[in-house]
Amino acid sequence: MARLAVIGLGGRLTGMLGQMRLVDPEVRIVAVADPAVQAVQGRLAMAGMPPSDGVKFYDSPDQLLEYADQYDGVCIGTRCHLHTPYAIKVAPTGLPLFLEKPVAITQEQLIGLATAFAGREQSVVISFPLRVTPLYIAALEIVRSGRLGTINQVQAINNVNYGGVYFGEWYRNYDEVGGLWLQKATHDFDYINHLLDDRPTMIAATTTRKIYVGDMPHDLTCSRCDLTETCIESPRNLARRGDGGGMSMNDHLCAFSREIRNEDAGSALIHYAGGAHASYSQNFISRKEAGRRGAIVTGYSATLEFDWYTDEIRVVDHHHANRVDRISVKATSGHSGGDIKLAEMFLDVVHGRDKSRSDLKDGLLSAAMCLAARESSETDAFQRIPTVEELARIAAPAALAPAAL
């Protein structure tokens, strides 16, 4: 039986706990630190782990960690700006950690986290489901087989057809999420690095804010607005359209607030040490069947394409007459089958059966790329991407952890 402690039980971690319970019905949540106790009790029940099983609730992570010797692992599912501070609190316990992405949202947090876990990165499982999905694994096998020949370029795209969530819900709070490079691109940068098996060295990026801009009050909701009849993002018009696009079909915050800083599109160009380069674009105003997420990998011998929305891989041979292979890889669980694999991985780490294959080094590097992309988009200049080893050599700031959740 795995005895897990939870710091911050949000919706995403609730789903992951449910996947862990599917992998091992004996998994138990024995402690939770989260101020929203009533909501947490409901989420535990949703995950198949009712609080009647003897869960202890604590007011703070510090109180929970006083009993670290009673846990086999810790899961952190707070809002993004708290991922680093609470992970740093967990570090001295030596317990396996499941950490939601992004692992950090500032350079200071990145340095502190790298320092706290230096040498123990493989005891941490980062919530990067894309790199363990059946579709991606099948594509990776083809790439690693050498069939594509020498690879010179990756073109990756993420047209998010639920992008309204980043403008009408709490994700629009920039100080909590750090912007949309860290929210979305962190996944894609990670799989691109993994796919190329190379070190990113430089990045240039740009963003666009043309759609979700305006001068409406930040706390305005649709139910208190005089424009709900004409506003295309109002619940009334979303219902008419038959698609929320990430906006709540019920009452939600105004997507045209003057304080929203999230971009509605972004693109990056990444240079790798081995000479290849990657381009990546993300767009948050795509809707319905315009959604797309995947990549084109071009080599001298063949081109490979894959898309998580279609569950398909296509390989076009360059030097054989008319050979095109199409492969369908269907997944039935969350995040295209990646969540169940992450759950298996974390429980293997907890029980000492394996080391993390989506570890903190991967999370740190991806976050470093996102922060460099953010800096590049603000300065209109290429930014160097630091290595994880360089981050760990920089002295961590003295105080990164807040006192309360």
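What's counted below: heavy atoms across the whole structure, side chains too, no hydrogens, waters or symmetry copies. Quick caveat, the model's predicted, so the values are computed rather than measured.
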Quick check with a 6.0 Å cut-off and a 45 degree axis cone: is R261 positioned over the face of Y174's six-membered ring?
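Yes, a cation-pi geometry holds between R261 and Y174.
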Taking atom types as modelled and ignoring hydrogens, do the side chains of [X] and [Y] form a donor-acceptor contact shorter than 3.5 angstrom?
{"X": "T133", "Y": "W308", "value": "yes"}
{"X": "E100", "Y": "H83", "value": "no"}
{"X": "S301", "Y": "H318", "value": "no"}
{"X": "D251", "Y": "S223", "value": "yes"}

So that I know where these two stand, are [X] and [Y] an aromatic pair - ring centroids less than 6.0 Å apart?
{"X": "H194", "Y": "Y136", "value": "yes"}
{"X": "F128", "Y": "H187", "value": "yes"}
{"X": "Y58", "Y": "Y67", "value": "yes"}

I'd like a table of donor-acceptor pairs (distance under 3.5 Å, sequence neighbours excluded) in which one partner is a side-chain atom from residues 343-353, with atom names and distances.
residue: D348; atom: OD1; partner: R353; partner atom: NE; Å: 2.8
residue: D348; atom: OD1; partner: R353; partner atom: NH2; Å: 3.0

Given T78 and L9, is the side chain to side chain contact (heavy atoms under 4.5 Å, CB included) satisfied, shown in steps?
CA-CA 6 Å; T78 62; L9 184 56; over 6 Å; no
So among Y171, W181, Y212, which one has a ring pair (Phe, Tyr, Trp, His ring centres under 6.0 Å) with Y166?
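In the set Y171, W181, Y212, the residue that makes a ring pair (Phe, Tyr, Trp, His ring centres under 6.0 Å) with Y166 is Y171.
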Do I7 and V90 have side chains that get closer than 4.5 Å, going by heavy atoms?
yes
